[in-house]
K.L.:
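Shown below is the structure under consideration.
Counting convention: from 1, in listed order, for ligands and their atoms alike. Each residue takes its place number in the sequence, starting with 1.
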Amino acid sequence: MCKIILHNGKIYTNDPENPTVEAIGIVNGVIEVLGSFEKVRKAIPGGRIVDLEGRIALPGLVDSHIHLNSLGSLAASLDLTKCNSIEELKLMVRRESENRGKGSWIIGRGWDQERLYEKRPPNRWDLDEATPSNPVLLVRVCGHVASVNSLALRIAGVSRETPDPPGGIIERDSNGEPTGVLYENAIMLIKRVIPPPSTEQLETMLSKAIEEGLKYGITLFGFPSATSSDMRALMNLKSKGLLKARVGVMYDLEYLDHLLRLGIRGGFGDGKLYILGVKTFLDGSLGGRTAYLREEYSDRPGWRGKLLLSTDELKYIVRKAHVSSIIVAFHAIGDGALQTLLSSIDNNTSSIVRIEHASVSPPDIIEKMRETMPMAIVVQPHFVISDWWIKDRIGERARWAYPFKTFIESGLVVAGSSDAPVEPVNPWKGMWAATSRSGPERITVEDAIKMYTINGGIAMGLAGYGMLVKGGYGDIIVVDEDPFKVEPNKLTSIKVKMTIVGGRMVYSNY
Ligand SMILES: [Zn+2]
């Protein structure tokens with residue numbers, strides 16, 4: 001039996017009946033007792049005792065939408081953002097090649113010629129000097145330019161005879177020989193020959209991504225657009241006892257029919273690893289002008305973006321998924337996409353519908369949300385910071401962007417998330433963005449924490465998660481400052497000292 005007691009702290013429970021306690025006891029992952037140290041110690045004799053030394057503890061945080069696979073592959077690639085010269089970059093590649101077998105791909109990201117001493121992109125001859133025996137792909141910080149070595153070109157079959165692909169440029173020297181610098185779609189010539197990671201590599205990548213979250217106090221991860229390979233790797237980790245947090249998987253939509261054929265209902269699995277449902281896209285992004293708006297973009301007349309599913313298709317998906325209580329997370333950013341989605345659901349089917357992003361939500365859209373009550377609205381507060389150009393894109397409609405306060409006042413369940421690696425993993429940055437923005441949609445710290453705890457639990461299909469009560473999940477974090485007492489602009493610097501999942505200490509920085 002695994003017993004742990006935390007005491008001598010100020011433990012916020014999120015339970016209105018019992019808002020703070022001094023001690024808590026967890027037995028086999030489940031909260032057994034809360035109250036005074038006296039009471040807890042008596043109830044759990046022989047438990048491992050952890051002294052919080054007066055620190056603050058809270059329920060574990062939920063990131064309801066985090067791309068663990070993309071985050072993991074980023075963590076597995078070389079970070080070139082700090083490189084100051086091509087020589088330095090070559091050294092990093094050479095070291096990496098020494099750590100690996102011949103032939104395995106070395107991928108790096110983040111170089112910027114403005115930062116490099118040589119003031120030019122690295123070319124194939126530079127990278128051949130670093131390693132002739134591993135294919136190398138180094139993507140520029142923007143993602144639109146990449147440098148590769150000769151082996152990578154050879155594997156991809158790119159030579160002086162290869163024409164530029166549509167929408168891409170293969171840079172060539174004065175003799176017509178490819179230099180190894182590729183622009184836009186020409187990068188795909190290389191990317192498509194890179195083998196997908198093995199299950200073992202995927203296990204490492206996914207654990208790295210999860211560990212990154214544990215560092216910030218995330219104990220429950222919502223994993224959208226997952227594939228069968230991702231699930232296989234997660235199951236392997238779990239059976240080896242290496243899955244350190246809880247993961248709710250949302251498969252790519254193409255898996256919906258498989259789930260239905262197998263008779264699987266949403267929630268299949270256990271509290272550690274389970275199938276929440278599927279995820280799909282209704283439109284694109286505001287940044288790329290692919291989000292679907294009801295009226296034209298302010299900076300591109302006549303263009304409204306693109307809707308990726310029709311009302312009929314939507315209704316069909318929702319009806320099918322509803323029969324098996326499979327949650328469908330719909331990526332919907334523009335008001336046009338949101339309107340189409342909301343007109344395809346009703347009070348009955350809305351219980352399985354999660355709306356991801358809901359970025360442009362004018363009052364009539366929020367009214368429709370209030371009428372239909374989807375399971376949750378999953379938002380990423382950090383977009384408020386990143387989308388600083390939003391007024392150029394949508395003009396006056398920007399006042400309806402990310403209306404967290406109006407969502408909350410309308411009684412909607414608003415859950416927080418990062419959408420990492422698009423935005424930073426750190427949920428404290430998300431809370432900071434939501435509580436220190438200017439204007440009427442700023443929310444309180446209490447509401448922000450609720451977004452990342454109780455409401456995250458609801459969005460993840462684990463009702464009661466994010467609250468420390470008897471019989472509840474033993475997921476707790478210890479932090480170095482009281483989030484309810486610090487200035488909102490200091491929320492971003494809160495450090496997590498300890499993360500506990502199911503009574504097990506999975507991260508500690510004591
Ligand atoms: Zn996403």
K.L.:
So, of the N/O/S atoms that H65 has, which is the nearest one to the Zn ion (ligand 1)?
P.N.:
NE2

K.L.:
Assess whether atom CD of E487 is packed by more than 12 heavy atoms of other residues, nucleotides or ligands within 6.0 Å.
P.N.:
no

K.L.:
Has N455 got a side-chain atom pairing as donor or acceptor with V414's backbone, closer than 3.5 angstrom?
P.N.:
yes

K.L.:
Could you pull out the atom name of the N/O/S atom in D419 that is nearest the Zn ion (ligand 1)?
P.N.:
OD1

K.L.:
Specify which N/O/S atom of H67 comes nearest to the Zn ion (ligand 1), by atom name.
P.N.:
NE2

K.L.:
Report the residue from Q380, H357, E356 that forms a side-chain hydrogen bond (donor to acceptor under 3.5 Å, both in side chains) with S417.
P.N.:
Q380

K.L.:
Of all the heavy-atom pairs spanning V360 and I394, show the shortest one and how long it is.
P.N.:
CG2-CD1, 4.0 Å

